[in-house]
Novice: 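I have a structure here, written as structure tokens, and I will follow up with some questions on it.
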Amino acid sequence: MMAVRLQEIRAKVFDIRHTFESAQPLTFYAYYDYADRVLTYPSSKGLVTAVFNGSSGNCRIVAHSSGTLSAKEEITSRFRLRDDMKKIYRRISTDKFVRAAIKEYYGMRLTRNDPWETTMCFIVSQLNNVKRITMIMHNIINVLGSPIMDDTGVMAGRGFPNCESLANATEKKLMACGAGFRAKYLVQAAEFCTNNIELDKLKCRSYGKIKEQLMEIPGIGDKVADCIALMGYGKLEAFPIDVWIKRTLENMYFNGKPKKIEELHEFAEERFGDLAGYAEQYIYVYGRHMRP
DNA sequence: ACCCAGGCGGGCG
DNA sequence: CGCCCGCATGGG
């Protein structure tokens with residue numbers, strides 16, 4: 001029996017529950033036990049497990065992972081624990097509404113995710129709900145994912161299938177996973193990425209360039225491209241505008257008057273600048289919480 | 001039975 | 001261009 005190497009991380013202004021409930025890619029394929037506070041998820045290099053303890057924004061994390069991966073670095077990066085939340089809150093607290101959202105969801109972080117996984121997650125998300133998105137992602141992983149071994153060589157789970165695997169999967173197989181009309185987009189996007197573009201190589205590009213490239217991929221439009229830029233590439237200036245954000249912005253800032261997506265992008269950029277993505281995530285969860 | 005869900009692509013005026 | 005429609009499917 002091999003000794004499991006545990007690593008400890010301490011973080012301020014971090015709430016795993018708020019983060020996990022905020023409908024980011026992790027929500028769709030990780031497993032979080034609310035009673036035991038244990039999070040388990042497959043990453044590209046192995047299976048990661050972490051236990052979260054703490055309250056009022058102070059968090060103590062004990063993590064370990066299979067393979068060569070450093071659990072500490074993985075968790076720190078995945079949950080953006082190097083971000084200075086106090087500073088971010090100061091910057092985006094432009095009004096009462098955002099301040100209330102921060103108070104309600106204090107410690108919620110944006111997460112960093114693999115660009116390809118994020119792409120699939122948000123194609124699946126269109127005209128869909130979180131519960132079903134989660135179900136579909138799990139099905140895709142179980143049917144097409146590659147095995148991940150634990151330290152003793154036993155299969156502990158499956159990792160997200162790469163774009164070649166999905167390009168070779170049939171639309172029918174993805175329909176069987178519950179993807180519905182999005183199955184076609186998933187296969188087309190996988191084929192496109194296999195043949196025309198290497199998503200990891202976009203990491204060093206600017207937000208604008210990344211969004212432009214992503215929108216070349218079939219099944220990806222303005223909103224999904226911004227989600228991928230934000231949560232897959234960590235571009236904090238991205239501001240995805242879905243029906244909820246649109247409705248909330250119109251209600252909170254425009255007296256309920258309908259606005260075009262383009263106008264709302266300009267509004268967000270001007271108001272929240274290069275931290276618009278954080279503002280969006282707080283407005284999103286709070287807007288849904290306040291459901292009209 | 002109906003309506004909705006973190007949109008997108010295609011077709012039409 | 002801008003607008004409108006269909007798209008699969010499970011849960012309220």
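Letters A, B, ... are given to chains in the order of the sequence lines, protein chains preceding strands, and every chain is numbered from 1. Note that this is a predicted model, so its numbers are computed, not measured.
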Novice: A/T248 pairs by side-chain contact (heavy atoms from CB on, under 4.5 Å) with which of A/K246, A/M252, A/E250?
Specialist: A/M252
Novice: To the side chain of A/V224, which of B/dG7, B/dG6, C/dG10 is closest?
Specialist: B/dG7
Novice: Roughly how far apart, to the nearest Å, are C/dG10 and B/dC8 at atom P?
Specialist: 23 Å
Novice: Can you check the A/D222 CG to B/dG9 P distance for me, whole Å?
Specialist: 11 Å
Novice: With A/E73 as reference, evaluate A/R112, A/R78, A/R82 under the salt bridge (charged side-chain N to carboxylate O under 4.0 Å, His left out) test and give the passing residue.
Specialist: A/R82
Novice: So which one's nearest nucleotide on DNA chain B is more toward 5', A/M215 or A/Q281?
Specialist: A/Q281
Novice: Among C/dT9, B/dG6, B/dG7, which nucleotide sits nearest the side chain of A/L127?
Specialist: B/dG7
Novice: Tell me which nucleotide, if any, is Watson-Crick or G-U wobble paired with B/dC3 when both distances must be under 3.5 Å.
Specialist: C/dG11
Novice: In whole Å, what separates the P atom of C/dA8 from that of B/dG10?
Specialist: 14 Å
Novice: Ring pair (Phe, Tyr, Trp, His ring centres under 6.0 Å) between A/Y278 and A/F272: does it pass, once the steps are laid out?
Specialist: CA-CA 9 Å; A/Y278 261 109; A/F272 304 114; over 10 Å; no
Novice: Answer yes or no: does a side-chain N or O of A/R288 lie under 4.0 Å from OP1 or OP2 of B/dG6?
Specialist: yes
Novice: Check every strand shown and say whether A/E171 touches a base, only sugar-phosphate, or nothing at a heavy-atom separation below 4.0 Å.
Specialist: nothing
Novice: Going by modelled atom types, is there a donor-acceptor pair between the base of B/dG6 and the side chain of A/E280 at under 3.5 Å?
Specialist: yes
Novice: Distance check needed: B/dG7 P versus A/I245 CD1, whole Å only.
Specialist: 11 Å
Novice: Here's a test of your reading of the structure: between A/K131 and A/Q126, which maps to the more 5' nucleotide of DNA chain C?
Specialist: A/Q126
Novice: Starting at atom NZ of A/K184, determine the distance to atom P of C/dC7, rounded to an integer number of angstrom.
Specialist: 10 Å
Novice: In whole angstroms, how far is the P atom of C/dG2 from the NZ atom of A/K260?
Specialist: 6 Å
Novice: Nearest-Å distance, CZ (A/F181) to C1' (B/dG7)?
Specialist: 7 Å
Novice: Do you know the tightest heavy-atom contact between A/A50 and A/I61?
Specialist: CB-CG2, 4.0 Å
Novice: Roughly how far apart, to the nearest Å, are C/dC5 and B/dC4 at atom P?
Specialist: 14 Å
Novice: Is A/M175 touching bases, backbone alone, or none of the nucleic acid, heavy atoms closer than 4.0 Å?
Specialist: sugar-phosphate
Novice: Strictly under 6.0 Å, is that where the ring centroids of A/Y282 and A/Y105 end up?
Specialist: no
Novice: Checking all strands, does A/I220 fall into the base, sugar-phosphate, or nothing category for heavy-atom contacts under 4.0 angstrom?
Specialist: sugar-phosphate
Novice: Could you walk me through whether A/Y32 and A/Y41 pass side-chain contact (heavy atoms from CB on, under 4.5 Å), step by step?
Specialist: CA-CA 9 Å; A/Y32 182 62; A/Y41 63 89; over 6 Å; no
Novice: Rounded to the Å, how far apart are A/R132 CZ and C/dC7 P?
Specialist: 16 Å
Novice: Rounded to whole angstroms, how far apart are CD1 on A/I133 and C1' on B/dC4?
Specialist: 13 Å
Novice: Answer yes or no as to whether B/dG6 has its base stacked against A/Y284, where stacking requires a ring-centre separation under 5.5 angstrom and planes under 30 degrees apart.
Specialist: yes
Novice: Starting from P on B/dG7, measure out to CG on A/L214 and report it in whole angstrom.
Specialist: 17 Å
Novice: Considering only atom P, compute the distance from B/dC3 to C/dG6 and round it to an integer number of Å.
Specialist: 14 Å
Novice: Please work out if A/T248 contacts a base, only the sugar-phosphate, or nothing of the nucleic acid, heavy-atom cut-off 4.0 Å.
Specialist: nothing
Novice: Closer to the 5' end of DNA chain B via nearest nucleotide, is it A/I217 or A/N128?
Specialist: A/N128
